[in-house]
Amino acid sequence: MEEQALFVLAERDVADAERSGYSDYSYWGSTIRVFMKNYAAVFCLGLLIVLLVFIMVQPYLPAQRDPNEIHLSQETFRQLRNVRPGAEFWFGTNSIGQDLWARIWSGTRTSLGIGIAVASWNVLIGIIVGTLWGYVRKLERVLTEVYNVLDNIPSTIIMTLIAYMLRPSISTMVIAMGVTGWVPVSRFIRTQVIIIRDREYNLASRCLGTPTGRIITRNILPYLVSVIMLRFALAIPGAIASEVFLTYIGLGLPLHIPSLGNLINEGRQLMMIPVMRYQLIFPSVVVSLITISFYVMGNAFSDAADPRNHV
Amino acid sequence: MSNRPEGTLRSYFVTIRLNINCVKNNSCKQMFRGRNKPLSAEQKNQGRESAMKKYISILVATVVIVTACLAGFSVQATAAPIRVTINGRPITTEVPPVVQNGRTLVPFRAIFEALGAEVDWNERTNTVAGYRGPSFVLLEPGSTRAFITGREIRLDVGPLIVAGRTMVPLRFVAESLGAQVEWVEATRTVTIVDAPYPAAPTVGRTGGEFRSLYSGELTTLNYLTSGTFAVHTLAANIIDGLVEFDSFGVLHPSLAKHWTISPDGLVYTFTLRQGVPWLTWDGREYAEVVAQDFVDSARYVLTRANASATANILFRFVRGGEEFFNGTTTDFATVGVRALDRYTVQYTLRSPASFFLSALTYVCFFPVNGAFLAETGARFATDHLTILNNGAYILRAHVPQNRRELVKNTRYWDRDNVHIDRLFFQFNREAAALAPEMFVRGEISSASIPTAIIDGWRLDPVRRELLRPAPVGAFAFWHAFNFSPRMAPQFEPENWRRAVMNLNFRKAIFHGLDRVAAMLTFDPYDPLRQISNTITPVNFASVDGIDYTNLPALQPIVRMQVFDRALALTHRNRAMTELRAAGVTFPIRVKMPFNTGSPDWTNRAQVIEQQLESLFGREFIDVMPVGYPPTGFLDATRRPGNYAIQEVNWGPDFLDPEAYTQPFEAGHLTYSDIALASANYQRLLNAAKAEVRNIRRRFELFAEAEAYLIQNALVMPYRVGGGGYVASRLHPFQGSYAAAGPAVGKFKFQRLLDRAMNVEQFNEAQTIWARDRVIALRKAGQ
Amino acid sequence: MRPRRSGRVIALSPSGRPDSNNRERGIYIRSHIGALPTYILKKSLGALITVFFVITVVFLLMRLMPIEGYFGDDFDRLAPVQREAILQKMGLLDPWYIQLSNFYQDLARGDLGTSIIFRPNVPVAEIIAPKVPYSLKFGLAAMALSLSLGLLLGIFQAREKGKWPDALGTSYVIFINAVPAAVYFLFIQLYLTQLSGLPILYSSARPLSWILPAVSMSLGGIAGYAMWIRRFMVDELNKDYIKLARAKGLSNTRVMFSHVLRNAFVPMVQHLPTTLLMTIAGSIFIESLYSIPGMGGLLIDAISRQDNPLVQALVLIYSTIGVFGLFIGDILMAITDPRIKLEKAGGAR
């Protein structure tokens, strides 16, 4: 038999190839579809969006007050202290006559702002350092040692030092939390990178001489998008919790910059005073709502981003 | 009485002879002319009827002659006997009173006991002493030298020995102990009116346990090196000094039974109480408290290597102390602290200081046992095992970050005045949040109530009754103007400097600052209670029974209405014109730093900013509160001059107006340099400091200097420290009181109330205390 | 602040799994368990170097703190000579490199130093030693509670996945994570004592007073473990080997315990030594609220008071635990999981 008889060149039919290769599967589409099926998560997402929009526009709404303005009684010219929630002050006033409604939303702005800034910074630096650490073997040793040292330096020392060198402000808080906050993120990213860096397709890429930068940005990072997004979503409530904790140990924001941390800390001592407890309850509820929303949403997103759940 | 030493006989003869000479020479003439000699410089001249003079003169002549003839063995009054009554009650004496040189003399034991004074006859030093409350009288038979509570005076008639009894001048003794003496000719009676020394309130029960929470732990118990107030108050409970304060702030003898002060006011000689034991934590006796303990303590404090934070208080007073501390000399014998014998300790001062006795209640003058110090070395006073107790309580346990336990010292020399058996302090970082609730549940005996929850307590019918104010303290808070601003350019330091040099500008702020509004952030119910128009607080120091702030120079300031809108605006307008001419740009930026670690202060900064700007308008000033963290706060703000106006404070270390002047001294750059704005103040201050002899004058000069400071708006007095609210089963006016030093933290004299006081009860008790205090101070002559 | 790692009883990745590094570590650990001695030696050396770097960095950071901090409130009252005397006594007048070399020399002799501010003249070891047992006792009790209750809850939830017990458990987990600990700890302390009559403060003589702090301390851990084990089991139950085991006819319980839990235990083992050792760091919230004289907050106090020797000693202890704890964890993991091999130059540590 002639060889030609055995092997016939197949005709290359582009249309046919597309037909057989076609799949209406889209990663992001599926992710979103799965995510949307989780009603709790969708509700939380909605809640967060509403909250974000609200705190942005709140100062421009009618009848809003300055969070730091001290309200005086018209008759006595004395501060309207601890006025209970009512028509005049929706969330009441605090111990020097400042409007709690304004303070809580201003505090939410501050805390969410800190949270988003810290989370973005930590995730960004974490990704850069983490991928280099995980992929570039020459850097591994050095970065591992740097990581070990940084991870073991109590963050309080750094925070105290920063608080000493810079005056307490939102940016100080962001810097204080950002100085070492990226360290665990970078380790997490590094681990993820290590998992996939030696997979066959990456080995193949390397063999074919693809530059490292291209492998990282094209082969590795896209794979990590879902975990990174998740990490980011959870870093926000994490930063808010850190802020509460820092305030507790005396390194938080001063009272003239309202934040959820200092509002809660102020409210704590009122726990056993029924008539004034509202000053603790309102900020606590806001923190809880934000945290719950991010957790539920983050986990739902993580589930949705897992291709195994796309079937 | 029968234990009169043999040597007395001879000295007695000497006395008589001297007296005869006296009669022969000028003093008799004076007496026959009817002139009355003053008892002493301290005591007021008391007029007497001339008839009595005449009689006494004759009597004296007779007595002297008879005395001379009988050589003192059987002196008897020739005229009708003199009667002595105390508060209407006659006193009987084995030997009837005699009269000499116009002075009535009575047996010392009889008069002292009748006045309720403790009597002490010291053979060794040949002294007769009577102690009562804060005062004591020391007489030396055979000498005309006598001491009233340590101050030396000369008597015209000294103690005599008659029929084997030591007779002492009646008027002198009674008046020295605070009684009033009157001669009633008709009945030939010496009437002594002895109003009792006001008693501290005795409410509350004896025994029991005091419990409380504390959130700041002591770093050490070393009272000789620590500068921390809490360490000082703990020390004051377990260690006694030479003298102590009672509940009115009057000094009483403590470890010193009595003392003498040299006429030049430089040498203080203390005679110690004998048999006071040093006890270890478990109550075992380690040694006796002796004079050397005070020397060892001074040496320890002044040893540079020990880095004592209170050494400066010691070397401020004691001669040679600073030189020894600096190492200029290494010979401790040059330092003015010496043990003359086992029970006599002597301090020599570098310059006279009338308030030296009050300084002795300060920890750096507390004794320490030298042997124990050597035994414990660097570990001295690091826990309860390494400290000795001689005071009202024994420190049974000190477990850092855990608890502190004190038990009553059953071998204490004054144990009858220690009423609470046990003190238990539990460490809790969250005390501010937990203590109020634990007090309500009856688990602790005292809790301070933070400003934030006062409203809640006032609205609650149960808690309301448990809440009372805490007495104010002696720390002075004021707003300082910075005359040498070193701020970042955005705060326009040069513009500020020019503005603050202008009197009208300062006065505008001075009268425009509503201190009550600011105070509401701390005490919303009685904000006026702590507001002070002067730097030196009321009730701090007094002279001749007049409070320092009530002296003529300060009186108008105390009564002044400081916050005055109209006046402030008038000054503002004047300042505006003057400053415009001087090229100052408006609005003037006013950098006002505050400590972000203090919620009250943060709130206050916002209150002040809004209040000043709304009063003056933002075209005049732009108040810029800037928050700095507690770490390194003062190093970032006041000390380098990085502020325009800042709330600052200072507390006194001793009971003299000078204690409040240090921050205003020229060159004291870490506060604001007042001298840059006015050299006058320093002149006034120097004059006041130079006056060390005449206490009244000294006080007046200090008052003038302070008045100058305030009238020229160089500072803005704000408030006194302390205050706030507490729920407590302690009586606020029962324990020791002093405006400086650790006395206020002592549990001696205190009892546990069955129920906490409320605001009304507090106010009532305070009124009574203030009234009694005036009497007590006057009676004690302090 | 306690070292970050011990913030929760077990470090959880956002997905609720223990840090996934643990599992992947196995991929990289290639050598044989037979090389253990060399491995231990090498790792120990590396760990020592890490600790050395950490304390050096911390030493230098502390020297950047403001001088004022060493005087507390006394500063303005002190004469300049006094200030100098105080700094001299604390050994702070020497140049930093002299101080550093003194510190190394003392350390080499096994001397952690003497406290300068927190409790002047008291050896640091003597400050720390009495506190450790308290933190350890409560930490271990809380861990035992967290592990047992957390795992039980998680397993229960996994079994009842999607039903109301699962929802209840999840809401507990969410609640604990959402409400700030500073708030619910205080709430429990004040209200539960009011309701139950339990003592507010800890007292070594009253065992009843031990209950609330131990329980409060374990709440976060329970939530953490429950969340993690639930997730782990739900994931694992879909895996082929479980399907095989089921197919073989093993009972559900058997599958759970002999397969799933065993596998779940492996990643936990790595963190367990550190977590156990780190309990000595105590919990600042609980110890502060209940007056437990433990280690919680000691580091923060030491830092804010600038007690350099104490800070250095604490950092030395914590970093040693951190570094060596994980290293022990690696070994334990290699022992428990035969698939994991130790490697010469290992993972992160």
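Only this structure's heavy atoms are used, side chains among them; waters, hydrogens and symmetry mates stay out. The chains referred to below are lettered A, B, ... by the order of the sequence lines, with proteins before strands, and numbering in each begins at 1.
Note on B:Glu217, B:Arg403, B:Met438, B:Glu437: by heavy-atom pairs under 4.5 Å with chain C, the leading option is B:Met438. Contact count versus chain B (heavy atoms, under 4.5 Å) is highest, among C:Tyr134, C:Phe285, C:Phe118, for C:Phe118. Ranked by heavy-atom pairs under 4.5 Å with chain C, the list B:Gln426, B:Arg441, B:Glu322 is led by B:Arg441.
Nearest heavy atom pair, residue C:Ala85 against residue B:Phe325, reads CB-CZ, 4.3 Å. Across B:Arg429 and C:Asp301, no two heavy atoms sit closer than the pair NH2-OD2, 2.9 Å.
B:Gln401 contributes atom CD, which lies 11.5 Å from atom OG of C:Ser291 (distance to the nearest 0.5 angstrom). Here B:Leu221 contributes atom CG and C:Arg119 contributes atom CZ; the two are 8.0 Å apart, rounded to the nearest 0.5 Å. Rounded to the nearest 0.5 Å, atoms CD (C:Glu287) and CD (B:Glu430) are 12.5 Å apart. Interatomic distance, OG1 of B:Thr225 versus CD1 of C:Ile86, reported as 8.5 Å (0.5 Å rounding).
Under a 3.5 Å cut-off, the side chain of B:Asn428 and the backbone N or O of C:Leu289 do form a donor-acceptor pair.
Listed by sequence position, C:Gln189, C:Leu190, C:Thr193, C:Gln194, C:Ile200, C:Leu201 are the residues of residues 187-203 of chain C in contact with chain B, using a 4.5 angstrom heavy-atom cutoff.
Looking at B:Asn306, only its backbone comes within 4.5 Å of chain C, counting heavy atoms on both sides. With a 4.5 angstrom heavy-atom cutoff, B:Ser215 does not touch chain C via any of its atoms. Looking at B:Ala311, both its backbone and its side chain come within 4.5 Å of chain C, counting heavy atoms on both sides.
Ion pairing between B:Arg304 and C:Glu84 holds under the 4.0 Å rule for side-chain N and carboxylate O.
Around the CZ atom of C:Phe175, the shell of radius 6.0 Å holds no more than 12 heavy atoms that belong to other residues, nucleotides or ligands.
B:Thr219 pairs by the side-chain contact (heavy atoms from CB on, under 4.5 Å) definition with C:Pro120, C:Arg305, not counting sequence neighbours.
For the pair B:Leu434 and C:Leu186, the minimum side-chain heavy-atom distance is below 4.5 Å.
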